[in-house]
Amino acid sequence: MFQGMEYVYEVYKEKSFSKAAQNLFISQPSLSANVKRIEKKVGYPIFDRSTKPMGLTECGEKYIQCVEKMHAAEIEFSNFVNDWIGLKTGSLILGGSSLYSSWILPQLMGEFSRKYPLVKLVLIEESTGKLEELLQTGGVDLVLDNCILNPAVFASSIYQEEKLLLAVPGHFTVNERLQAYQLSAQEIRNGKFREDHTPGVPLEAFREEPFIMLKPENDTRERAVALCEAHGFTPNILFELDQQQTAYHITCSGLGISFISDTLIARGTDNPNVVYYKLDGENSSRKLYFYWKKGRYISRVMEEFLRMAV
């Protein structure tokens, strides 16, 4: 019954069939026929043709109110689409472990917010297992992590490659004979240590030293143990922890050696009491991914954030 409502509304505005017909570029008989067809569908007259100027019936007043609401809704949606295209509205929930929530995601969020200040950003810091669960249930839109999630369930895009480094308390005497392998914080920050001519430290030199490791289910722990075994020894583990940053802080206190991501030094703060070494082998490199649930609707905000980040 609202098909052709533009005819009724034009007659309502002009209070005249002849003026409305001129505005619509149709004949007056054609306009009258269209309005009568709508009135027949409604079941009651819309216009009170006995008055001059022509007025609305009680039913007609409600019809016009509804038409105006539809016009307002159309304008509102049109404005939303324009805002949506220009990212003047919307929200994005990001998830990451402690390391990435501290040193990578805030920088990316800041860059995005400067360009799109009206988009609401939320950051959730959780363990990998919890983030995977939130991603599955829609509790987060995008997760940044170094783990490998099920490709049948999650889609991904590579953010960057990470390198594992060895962080050794500076007072350990083993450092004295390994000075040729030591890295400066600047070499880590500018990525020069990644060049082929920079040698990896002979890891077996640390076989008698204490190690600070992450818990067994952690990717860094699995890689660290594999690297040690590839060099012929099983690490002497002093502590097992949940977070890489905590392990590094214990290394900074001088208690033991830790395996850390170059992200921590490149984006965080180096410590003058710690010596850094490059590691060789396939387990010393890993990819850092943005993940989202496969098959879900990719919002305009998600699309633009990924484009800027990746």
Side-chain angles (χ1 to χ4, degrees), residues 92-109 123-167 191 194 200 203 211-231 234-235 237 240-248 258-268 278-298 302-303 305-310:
L92 181 66
I93 305 175
L94 299 164
S97 62
S98 176
L99 176 63
Y100 306 130
S101 293
S102 297
W103 300 113
I104 294 182
L105 288 173
Q107 180 181 338
L108 294 176
M109 292 167 70
L123 177 60
I124 294 177
E125 180 181 319
E126 278 289 356
S127 65
T128 295
K130 182 63 176 178
L131 289 170
E132 182 177 1
E133 180 185 323
L134 289 169
L135 204 57
Q136 176 90 38
T137 58
V140 294
D141 299 311
L142 294 171
V143 163
L144 182 65
D145 208 294
N146 58 41
C147 65
I148 303 298
L149 298 184
N150 186 350
V153 179
F154 302 104
S156 64
S157 182
I158 295 173
Y159 172 63
Q160 68 180 32
E161 182 184 52
E162 265 191 329
K163 297 286 286 184
L164 288 185
L165 302 172
L166 200 66
R194 293 171 176 254
L203 196 54
F211 282 82
I212 314 301
M213 290 282 191
L214 300 186
K215 291 181 178 177
E217 64 273 11
N218 189 282
D219 179 78
T220 301
R221 163 64 176 267
E222 293 175 358
R223 290 175 181 274
V225 170
L227 285 166
C228 292
E229 291 177 347
H231 285 263
T234 299
I237 301 174
E240 290 183 327
L241 303 166
D242 288 311
Q243 298 294 338
Q244 187 183 138
Q245 292 183 95
T246 309
Y248 175 63
S258 59
F259 288 83
I260 62 169
S261 160
D262 63 335
T263 300
L264 189 56
I265 305 305
R267 297 179 184 249
K278 179 180 179 178
L279 295 166
D280 284 333
E282 62 176 332
N283 279 301
S284 68
S285 296
R286 65 189 177 194
K287 299 289 194 303
L288 192 52
Y289 297 91
F290 273 109
Y291 285 103
W292 61 94
K293 188 177 180 183
K294 210 169 209 176
R296 68 156 287 173
Y297 166 68
I298 306 297
M302 287 173 64
E303 186 180 70
F305 187 88
L306 285 170
R307 189 196 67 76
M308 285 184 63
V310 179

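Here the structure is a predicted model, which is why all the values come from computation and not from measurement.
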Point-to-point distance, once rounded to the nearest 0.5 Å, from [atom1] of [X] to [atom2] of [Y]:
X    : Y    : atom1 : atom2 : result
I148 : N150 : CD1   : CG    : 11.0 Å
K294 : S156 : NZ    : OG    : 8.5 Å
L164 : S285 : CG    : OG    : 8.0 Å
E126 : S97  : CD    : OG    : 10.5 Å
R267 : T263 : CZ    : OG1   : 6.5 Å
L149 : Y291 : CG    : OH    : 4.5 Å

Using modelled atom types and a 3.5 Å cut-off, is there a donor and acceptor pairing between side-chain atoms of [X] and backbone atoms of [Y]?
X    : Y    : answer
Q244 : S261 : yes
D262 : K163 : yes
N283 : A226 : no
S101 : G96  : yes

Legend entry - Pair R286-T220, side-chain donor/acceptor within less than 3.5 Å: yes
Inset, instruction - Answer yes or no: is there a side-chain heavy-atom contact under 4.5 Å between F154 and Y289? - result: no
Legend entry - Student check: side-chain heavy atoms of Y159 and I104 closer than 4.5 Å: yes
Counterpart residues, ring pair (Phe, Tyr, Trp, His ring centres under 6.0 Å), relative to [X] (two or more places apart):
X    : answer
F211 : F259
Y100 : none
Y248 : none

Minimum heavy-atom distance between [X] and [Y], given as atom pair plus value:
X    : Y    : value
Q245 : S98  : NE2-OG, 2.8 Å
P216 : R221 : CA-CG, 3.6 Å
L288 : N146 : CD1-N, 3.6 Å
A247 : L214 : CB-CD2, 4.1 Å
L166 : L279 : N-CD1, 3.9 Å

Legend entry - Under the side chain to side chain contact (heavy atoms under 4.5 Å, CB included) test, residues paired with E217 that sit two or more places apart: K215
Inset, instruction - Kindly write out the residues that satisfy side chain to side chain donor-acceptor pair (under 3.5 Å) with E161, not counting sequence neighbours, or none if the list is empty. - result: R194
What pairs of donor and acceptor atoms, side-chain ones from residues 134-145 against any protein atom, are under 3.5 angstrom apart with sequence neighbours left out?
unit_1: T137; atom_1: OG1; unit_2: E133; atom_2: O; d: 3.1
unit_1: T137; atom_1: OG1; unit_2: L134; atom_2: O; d: 3.3
unit_1: D141; atom_1: OD1; unit_2: R296; atom_2: NH1; d: 3.0
unit_1: D141; atom_1: OD2; unit_2: I93; atom_2: N; d: 2.8
unit_1: D145; atom_1: OD1; unit_2: C147; atom_2: N; d: 3.0
unit_1: D145; atom_1: OD2; unit_2: T128; atom_2: OG1; d: 2.8

